[in-house]
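To find a chain, count down the sequence lines: A is the first, B the second, and so on, and within it residues start at 1. Quick caveat: nothing in here was measured; it's all calculated off a predicted structure. Scope of the values below: all heavy atoms of this structure, side chains included, with no hydrogens, waters or symmetry mates.
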Amino acid sequence: MTSFALIDGNSFYCSCERVFDPAIAKRPVIVLSNNDGCAVARTAEAKALGIGMGEPYFKIRDLCRDNGVAVYSSNYTLYGDMSARLNAIYRQWSPDVEVYSIDESFLDMTDIRPADRVTFGRDLRSTVQRWTGIPTCVAIGPSKTLAKFANHVAKKNPELGAVCDLTDAAVRQSWLDRAAVGEVWGVGSASERKLFGLGIETAGDLARVDARLARNLLSVVGERTVLELQGISCLPLEDVPPQRKGCAVTRSFGTPVTDLAGMLEAVAAYAMRAGEKLRRHGLEATYMAVFMHTSRFNQKDKPHSAQTTVHFPEASNDTFDLIRAAQSGARKIFRDGYRYSKAGIIMNDLVRAASQPRPLFDARDRDQSERLMTALDAVNGKFGRGSLVPASTGIKRHWQAKFDRRSPRYTTNIKELPVALAR
DNA sequence: TCTGGGGTCCTAGGACCC
DNA sequence: TCTGGGGTCCTAGGACCC
């Protein structure tokens, strides 16, 4: 019988910060989104203060100050590195690991005897705690959706000791009957509303729905969810990540952009970042969509939103090609007299760099482009991202997002290593 | 003053083709 | 008065996820 474990880091970003600063071990901690915008990770202590997921920071600033909340900008370099360490441990425990997100992985448990699964979970999480300092939660079920549900149960019921096994059908049903249908993985607010209208209110109700009815109601996705809740595994473990299909770099500005020059700098910087991502994955873009818009929250600003698409003569991941495209798109849609709050570039239909047909008479010198990009990536790899950049990405960068409370890159930058004093 | 970023998948509808 | 049918491809938009 198929079986999955879902293991995830508790308040993962906050836990990463705690690993390197014992002084905040007992304090409430939150981590903010890009541009220090919203709270995207909260410890149990922070949740207890009433800080919601995605809550704008400016609304809770006073609350944080008055309650001694430790507030951090997001430090993705640190979290990404910690995530890699966790997965390295998981791979020692299971040959088949799917990295589902930065803080969640699925493990194949099929070969672990049902009676041994809880012990397996306890041992795994205590090893992770000891080796990385990150507290985790291990949830087990016969399908991915039920493993996700087991994770929800473990989080809501601390007496389970952060390990929850829903292999047993009767145990499973009693938990399902006690949870709202919206807690099920794949049931968002729109589907929840629809289901409520039909009297399907709990996860248990949904598990009892006829699969064909679920398909009519919520398409094949909903049908799959129902089958998975019934213990029929429909979503296999994907231990080899599929080739990515798109690549986007979009950012809110630190301060609104009102002039074309600033906008051109910003999109050039995004294009540079996109080039790094594409080359790392061995992919090329065939076109680029460029967009910009004003703030949807600020009622006083005149609203403006625009988007355009620029096609490449041939697929490319050369930073300078990308910058040219981004800037030409931005020139086309930029209007004077607006306060833009955000811009971005989006590329879909990516193709493998190696498999691209080349024109017989190539106007560009591909070898030179490749050598230049390799050198650029090597310099930035060695001295840190942003060490060598095209001048068109700007010097002053008024538009750049804020990260006023970012912790050091403890594990990936030699100059930012944590210091321990022995007395 | 201050409200994130980056993905995936599905469906419907139009254009186009034979 | 009659006015096919079936297929593909593309795009926009919705829904969901972390």
I want to check one thing: is the phosphate of [N], taken as OP1 and OP2, less than 4.0 Å away from some side-chain N or O of [X]?
X        : N      : answer
A:Ser191 : C:dC16 : yes
A:Lys148 : C:dC17 : no
A:Lys277 : B:dG7  : yes
A:Arg251 : B:dG6  : yes
A:Lys342 : B:dG5  : yes

Which listed nucleotide ([options]) is nearest to the side chain of [X]?
X        : options               : result
A:Thr250 : B:dC2, B:dG6, B:dG4   : B:dG6
A:Ser33  : B:dG4, B:dT1, B:dT3   : B:dG4
A:Ser219 : B:dG4, B:dG5, B:dT11  : B:dT11
A:Lys59  : B:dT3, B:dC2, B:dG4   : B:dT3
A:Glu104 : C:dC16, C:dC18, B:dT3 : C:dC18
A:Val220 : B:dT11, B:dG7, C:dC16 : B:dT11
A:Val40  : B:dG4, B:dT8, B:dG5   : B:dG4

Over how many whole Å does the gap from [X] atom [atom1] to [N] atom [atom2] extend?
X        : N      : atom1 : atom2 : value
A:Tyr270 : B:dG5  : OH    : P     : 8 Å
A:Tyr100 : B:dG7  : OH    : P     : 15 Å
A:Arg244 : B:dG5  : CZ    : P     : 16 Å
A:Asn348 : B:dG6  : CG    : C1'   : 11 Å
A:Ile60  : B:dT3  : CD1   : P     : 13 Å
A:Asp103 : C:dC18 : CG    : C1'   : 7 Å
A:Gln307 : C:dG13 : CD    : P     : 9 Å
A:Lys144 : C:dC16 : NZ    : C1'   : 15 Å

**OP:** Considering only atom P, compute the distance from B:dT3 to C:dC18 and round it to an integer number of Å.
**Re:** 25 Å
Subject >> 5′-ward residue of the pair A:Ser252/A:Pro256 relative to DNA chain B >> reply: A:Pro256
**OP:** Using the closest heavy atom to pick a nucleotide of DNA chain B for each, name whichever of A:Asn34 or A:Pro242 lands nearer the 5' end.
**Re:** A:Asn34
Original post:
With under 30° as parallel and over 60° as perpendicular, where do the rings of A:Trp185 and A:Tyr100 fit, or are they tilted in between?
Top reply: perpendicular
What is the nucleic acid contact for [X], judged by heavy atoms within less than 4.0 Å: base, sugar-phosphate only, or nothing?
X        : result
A:Asp36  : nothing
A:Lys402 : nothing
A:Phe297 : base
A:Lys300 : nothing
A:Ser189 : sugar-phosphate
A:Lys194 : nothing
A:Val184 : sugar-phosphate

**OP:** Among A:Asp404, A:Leu32, A:Val29, find the residue that satisfies the side chain to side chain contact (heavy atoms under 4.5 Å, CB included) test when tested with A:Val71.
**Re:** A:Leu32
Original post:
Within 45° of the six-membered ring axis of A:Phe120 and under 6.0 Å from that ring's centre, is NZ or CZ of A:Arg117 located there?
Top reply: no
Original post:
Taking atom types as modelled and ignoring hydrogens, do the side chains of A:Tyr79 and A:Glu17 form a donor-acceptor contact shorter than 3.5 angstrom?
Top reply: yes
Original post:
A:Thr167 and A:Asp165: side-chain donor and acceptor closer than 3.5 Å?
Top reply: yes
Original post:
Is it true that A:Tyr13 and A:Tyr76 have ring centroids separated by less than 6.0 Å?
Top reply: yes
**OP:** Verify whether the ring centers belonging to A:Tyr340 and A:His304 lie closer than 6.0 Å.
**Re:** yes
**OP:** Report the base-pairing partner of B:dC18 (Watson-Crick or G-U wobble, both distances below 3.5 angstrom), or none.
**Re:** C:dG5
